[in-house]
Amino acid sequence: MFNNLIYFICLFFIIGYSILIVESVYYVEMTPYEDYQCTVSKGENGVGYAFIVGECFAIGDFTPTLNNYKITLGKDNANATFQLYKSSDITCSNLNPEDDVTYFANECYKVPDIGDMYFQPYNYVLVTIKENPTSMPEYAYKYSQFTDPNCLGNPQWYYFYTNNTVFHFGNNSFSKFYCDQGEPLQLYCEDYPTNCTTGVELMTCGRNVFVWHEDVYSTVSC
């Protein structure tokens, strides 16, 4: 009787430990900074990303031109390799190692131009690898992609603009992004300061129709 009790207690802890392992999620985070050394004391600025590890996910603005990616981690999570797959390979099965890109943790890089952003990113990013990240600051604009139709749970990836990020188009033309009372806003000036408008960029959870061959859903928020 006592031996059976010990057996079931041990089994309970083994199952519980296994569940914890399964639920553990890693992300490769790219935090934006203005300078090439990613000086943290200067504060975050620009375009940043976060990508889930170990899942196949699509990035791009239209099915024929998008790519699928899968991220693997190196020994001791010292680096992350982005593996590139064709648009039609929705399970990330046919790897082409020549297209792999590896980022090392705690290193500073020129921000990669990936995703479906209309604006050209200009900053640098500090790469970190986080296990089960729980906190997230409020950004000016954040585009998130999910497999869940209600956009719940862990996003596959997201990109964001920090508050007051500005993209210039000319001497007096620019777009400035900021968050106000939970709403992502864009100040667009065609000829500053005489010709400017402010628009709400908020987007509720919906099917990404541009990725028509995969069931992905997206939101825009702060």
Is Tyr85 isolated, or which residues cluster with it under the ILVMFWY side-chain rule of less than 4.5 Å, directly or via members?
Leu95

Restricting to non-hydrogen atoms, name the atom on Asn68 and the atom on Cys56 that form the minimum distance, rounded to 0.1 Å.
CB-SG, 4.1 Å

How many angstroms lie between atom CG of Asn172 and atom CG of Asn195, to the nearest 0.5 angstrom?
11.0 Å

Side chains of Asn45 and Tyr122: is there a donor and an acceptor less than 3.5 Å apart?
yes

For residues Asn123 and Val125, determine if any side-chain heavy atom of one lies less than 4.5 Å from a side-chain heavy atom of the other.
yes

Please report the shortest heavy-atom distance between Pro184 and Ala140, naming the atom on each side.
CB-O, 3.1 Å

Out of Ile52, Val28, Ile129, which residue meets the side chain to side chain contact (heavy atoms under 4.5 Å, CB included) rule with Ile71?
Val28

Do Val111 and Tyr36 belong together in a cluster built from hydrophobic side chains that touch within less than 4.5 Å?
no

Tyr103 and Thr81: CA distance, side-chain angles, deciding distance, side-chain contact (heavy atoms from CB on, under 4.5 Å) verdict
CA-CA 6 Å; Tyr103 296 93; Thr81 299; over 6 Å; no

With sequence neighbours left out, what residues match Ser173 under side-chain contact (heavy atoms from CB on, under 4.5 Å)?
Phe169

Can you measure from CD (Gln83) to OG1 (Thr102) and round to the nearest 0.5 angstrom?
8.5 Å

Hey, could you give me the SG/NE2 distance between Cys189 and His168, rounded to the nearest 0.5 Å?
10.5 Å

Check the pair Phe160, Val47 against side-chain contact (heavy atoms from CB on, under 4.5 Å), reporting the backbone distance first and the verdict last.
CA-CA 6 Å; Phe160 61 89; Val47 179; over 6 Å; no

Run the numbers on Asp215 and Arg207 for side-chain contact (heavy atoms from CB on, under 4.5 Å), then give the verdict.
CA-CA 7 Å; Asp215 290 328; Arg207 175 80 159 78; 3.4 Å; yes

Measure the CZ-OH distance between Phe177 and Tyr139 for me, rounded to the nearest 0.5 Å.
16.0 Å

side-chain contact (heavy atoms from CB on, under 4.5 Å) with Thr91: which residues, sequence neighbours excluded?
Asp89, Ser93

Hey, does the Lys NZ or Arg CZ of Lys130 hover above the aromatic six-ring of Tyr27, less than 6.0 Å from the centre and inside 45° of the axis?
no

Indicate whether the side chain of Thr31 and that of Glu44 have a donor and an acceptor atom separated by less than 3.5 Å.
no

Counting only N and O atoms by type, is there a donor-acceptor contact under 3.5 Å from the side chain of Asn132 to the main-chain atoms of Val25?
yes

Residues in side-chain contact (heavy atoms from CB on, under 4.5 Å) contact with Thr147, at least two apart in sequence or another chain:
Gln156

Does atom CD of Glu190 have more than 12 heavy-atom neighbours, drawn from other residues, nucleotides or ligands, at distances under 6.0 Å?
no

Nearest heavy atoms of Ser218 and Asn208, plus distance in Å
OG-CB, 4.3 Å

For the OG atom of Ser175 and the CD atom of Gln186, what is their distance to the nearest 0.5 Å?
4.0 Å

Given ring pair (Phe, Tyr, Trp, His ring centres under 6.0 Å), test Trp157 with Tyr143 step by step and report yes or no.
CA-CA 9 Å; Trp157 69 282; Tyr143 170 93; 5.8 Å; yes

Residues sharing Tyr178's hydrophobic cluster, by side-chain heavy-atom contacts under 4.5 Å among ILVMFWY, directly or via others?
Val166, Phe174, Leu185, Leu187, Tyr192, Val200, Leu202

Over all heavy atoms of both residues, which pair between Lys110 and Pro121 is shortest? Give the atoms and the distance, please.
NZ-O, 4.0 Å

Give a yes or no on whether Tyr217 and Leu66 share a hydrophobic cluster (residues Ile, Leu, Val, Met, Phe, Trp, Tyr; joining criterion: side-chain heavy atoms under 4.5 Å apart).
no

Within the distance-only criterion (no hydrogens, no angle test), does the side chain of Asp148 pair as donor or acceptor with the backbone N or O of Asn150 below 3.5 angstrom?
yes

Once you round to the nearest 0.5 Å, how far does OH of Tyr49 lie from OH of Tyr159?
8.5 Å

Using every non-hydrogen atom in the two residues, find where Ser144 and Pro155 come nearest and quote the distance to one decimal.
CB-CB, 4.4 Å

Looking at residues at least two apart in the chain, or sitting in another chain, which of them share a side-chain contact (heavy atoms from CB on, under 4.5 Å) with Cys38?
Tyr33, Cys108, Tyr124, Leu126

For Asp35 and Gln37, indicate whether the former's side chain and the latter's backbone hold a donor-acceptor pair under 3.5 Å.
yes

Heavy-atom closest pair (Pro112 atom, Met30 atom, distance to 0.1 Å) is CG-SD, 3.7 Å

Are Phe146 and Met203 connected in the hydrophobic side-chain network, where two residues link if heavy atoms are under 4.5 Å apart?
no

Apply the test side-chain contact (heavy atoms from CB on, under 4.5 Å) to residues Phe51 and Phe57: give CA-CA distance (whole Å), side-chain angles for both, the deciding distance (0.1 Å), then the verdict.
CA-CA 9 Å; Phe51 306 91; Phe57 54 86; 3.9 Å; yes

Under 4.5 Å between side-chain heavy atoms, hopping through other hydrophobics if needed: is there a path connecting Phe104 to Leu73?
yes

